[in-house]
Amino acid sequence: MEKSHLEKVLERIKPHIHRTPVLSSTLINEMLETNIWFKCENFQKMGAFKMRGATNAILNLPEEKKLKGVVTHSSGNFAQALSLAAKSLNVPAYIVMPDSAPEVKKAAVRTYEGKITECPSTLKDREETAYKIQEETGATFVHPSNDLDVILGQGTAAMELLQDYPDLDFIICPVGGGGLIAGTALAVKFFGNKCKCIGGEPIEVNDAWRSLKSGKIETNESANTIADGLKTQLGDQNFPIILENVEEIIRVSEEEIRAALRLIWERMKIIVEPSSAVALAAVIKEKDRFKNKNIGIIISGGNVDLNRLPF
């Protein structure tokens, strides 16, 4: 993997994504005695960073594969991202969603013309249903986080942030399936100037924290967190990148996530989803460590179910 790989990816996807704004809050900076720049992927197309990886994965397919389409299994943001990216590139998208997925998410996928197949919510059922669609249609499977093209696409958010603010000491992002933090870590490695990549993760689903400690992919027994985008686990494509390039993962409680979420909503006047608040929660938790540092935070998305607000 070289620096030029990420540069080519950004050039490739640039016409199809937003270069999202970077915001700061004087009050939050004063409160934490630090300087934080928020890369606002809640303003990305379809409302989350996942548009970047989905777009890169589709653009990288040979023309004959594009004609047959793409398939994924996802209950949330990647389902929407792949559907919208595929629609804008005139590629069919087949989306396997658990029958328990919120109707608001299914409606969003339909808006982007993704063809939904519902199945029971177990991973086994999702994978089997996606495989069946692959067999029937010849579509290419695109994993939401454990795919190198997706990982590199997700890394372009941090790359843009470092272009705007090259002297960051840390970039911090939430950890779920590992695609965002793996891509972010590569961007930090190639474009950072003494910058380190740190992850934030809910204590309730701390498989990545445990995986970094043990050196092998760990799983979770529970998924009891309001950060619903962070319930998935790492994969064999992103984990080696994380193991080599991520400085550490900071675990935060549900109360700490809620407090950080409220702070962003109230003080920055932007809507972000609970998963996005995990990175700020990590900075607040380790306030002394980050004092007087320059910090970039990836706000991963803003797709909130307004019927189920977390406070």
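Only a predicted model underlies this, so the values are computations on that prediction, with no experimental measurement involved.
Of all heavy-atom pairs spanning R12 and N60, the tightest one is CZ-OD1, 3.5 Å. Of all non-hydrogen atoms in G199 and I181, the two that sit nearest each other are CA-CD1, 3.4 Å. In terms of heavy-atom proximity, L168 sits nearest to I295 at CD2-C, 3.9 Å. Residues P120 and D125 share a closest heavy-atom pair of CB-OD2, 3.3 Å. Of all heavy-atom pairs between G114 and I95, the closest is CA-CG1, 4.3 Å. Scanning both residues, V91 and G69, for their nearest heavy atoms gives CG1-CA, 3.7 Å.
Counting only N and O atoms by type, the side chains of T219 and Q233 include no donor and acceptor under 3.5 Å apart. Between the side chains of R267 and S25, no donor N or O sits under 3.5 Å from an acceptor N or O. The closest side-chain donor-acceptor pair between Q154 and N56, if any, does not fall under 3.5 angstrom. Using modelled atom types, one finds a donor on one side chain and an acceptor on the other under 3.5 Å when comparing R19 with Q163.
In the displayed structure, K196 atom NZ is contacted under 6.0 Å by at most 12 heavy atoms of other residues, nucleotides or ligands. Within 6.0 Å of the NZ atom in K68, the count of heavy atoms belonging to other residues, nucleotides or ligands does not exceed 12.
For the atom pair E128 CD and C119 SG, the distance stands at 9.5 Å (nearest 0.5 Å). In this structure, CD in Q44 is found 11.5 Å from CG in N77, a value given to the nearest 0.5 Å. Taken to the nearest 0.5 Å, the NZ atom of K291 stands 13.0 Å off from the CG atom of N35. Interatomic distance, L123 CG to E127 CD, rounded to the nearest 0.5 Å: 4.0 Å. Atom SG in C195 sits 9.5 Å away from atom CG in D167 (nearest 0.5 Å). Separation of atoms CG (L152) and CG (L6) is listed at 5.5 Å; rounding is to 0.5 Å.
At least one side-chain heavy atom of F170 sits under 4.5 Å from a side-chain heavy atom of K293. Proximity of E218 to S211: side-chain heavy atoms (C-beta onward) are separated by under 4.5 Å at one or more points. Residues S24 and I36 are not in side-chain contact: their nearest non-hydrogen atoms beyond the backbone lie 4.5 Å or more apart. The side-chain heavy atoms of V304 and L309, taken from C-beta on, include a pair separated by under 4.5 Å. Residues L82 and I58 form a side-chain contact, since some pair of their non-hydrogen atoms from C-beta on lies under 4.5 Å apart. N220 is listed as a side-chain neighbour of N206, based on a closest heavy-atom distance under 4.5 Å. Within the 4.5 Å cutoff, no side-chain heavy atoms of E256 are placed close to those of I284. You'll find the side chain of I171 stays beyond 4.5 Å of the side chain of N294, heavy atoms only.
Of the possible polar contacts, one joining the T72 side chain to the V142 backbone as a donor-acceptor pair under 3.5 Å is found. In this structure, N146 contributes its side chain and N238 its backbone to a donor-acceptor pair below 3.5 Å. Not one N or O on the side chain of E113 forms a donor-acceptor pair closer than 3.5 Å with the backbone of S83. Remark: side-chain polar atoms of S276 are not paired, donor with acceptor, to backbone N or O of V272 under 3.5 angstrom. Without hydrogens or angle criteria, K269 side chain to I264 main chain gives no donor-acceptor distance under 3.5 Å. In terms of modelled atom types and a separation under 3.5 Å, the side chain of K287 and the main chain of M31 share a donor-acceptor contact. Looking at N42, its side chain does come within 3.5 Å of a backbone N or O of I271 through a donor-acceptor pair. With hydrogens and angles disregarded, no donor-acceptor distance shorter than 3.5 Å links the side chain of S145 to the backbone of G179.
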Problem set entry | Intermediate values then yes/no, side chain to side chain contact (heavy atoms under 4.5 Å, CB included), V96 and I133 | CA-CA 9 Å; V96 176; I133 293 169; 3.7 Å; yes

Problem set entry | Derivation and outcome, side chain to side chain contact (heavy atoms under 4.5 Å, CB included), residues I241 and I151 | CA-CA 10 Å; I241 299 170; I151 291 165; 4.3 Å; yes

Problem set entry | Working for side chain to side chain contact (heavy atoms under 4.5 Å, CB included), residues V150 and H143 | CA-CA 8 Å; V150 171; H143 194 281; over 6 Å; no

For this session: Under the side-chain hydrogen bond (donor to acceptor under 3.5 Å, both in side chains) rule, what do T20 and E41 come out as? Steps first, then yes or no, please.
Result: CA-CA 6 Å; T20 49; E41 288 294 292; 2.5 Å; yes

For this session: Please assess D236 against K216 for the test salt bridge (Lys or Arg N to Asp or Glu O under 4.0 Å), listing each intermediate value before the final yes or no.
Result: CA-CA 10 Å; D236 60 353; K216 64 184 195 328; over 6 Å; no

For this session: Take R110 and E103 through the test salt bridge (Lys or Arg N to Asp or Glu O under 4.0 Å) and record every step on the way to the result.
Result: CA-CA 10 Å; R110 290 190 196 101; E103 192 51 49; 3.0 Å; yes

For this session: Check step by step if side chain to side chain contact (heavy atoms under 4.5 Å, CB included) holds for M51 and L84.
Result: CA-CA 8 Å; M51 186 67 186; L84 180 56; 3.8 Å; yes

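Note that K115 lies in the cation-pi zone of Y94, set by a 6.0 Å cut-off to the ring centre and a 45° limit from the axis.
Between T225 and the options K231, E254, E201, a side-chain hydrogen bond (donor to acceptor under 3.5 Å, both in side chains) holds for only E254.
Remark: K213 does not engage E248 in a salt bridge, criterion side-chain N to carboxylate O under 4.0 Å. Salt-bridge check for E11 with K8: failed, with every basic side-chain N at 4.0 Å or more from each acidic carboxylate O. A salt bridge does not link E2 to K189: none of the charged nitrogens lies less than 4.0 Å from a carboxylate oxygen. In summary, K132 and E135 do not engage in a salt bridge, as defined by a charged side-chain N under 4.0 Å from a carboxylate O.
In this structure, H73 has its ring center closer than 6.0 angstrom to the ring center of F141.
Partners of Y112 by ring pair (Phe, Tyr, Trp, His ring centres under 6.0 Å), not counting sequence neighbours: none found. Contacts of Y165 classified as ring pair (Phe, Tyr, Trp, His ring centres under 6.0 Å), with partners at least two apart in sequence or in another chain: W37. Taking D99 as the reference, E118 meet the side chain to side chain contact (heavy atoms under 4.5 Å, CB included) condition, with sequence neighbours excluded.
V71 and M97 are not part of a single hydrophobic cluster, where members link through side-chain heavy atoms under 4.5 Å apart.
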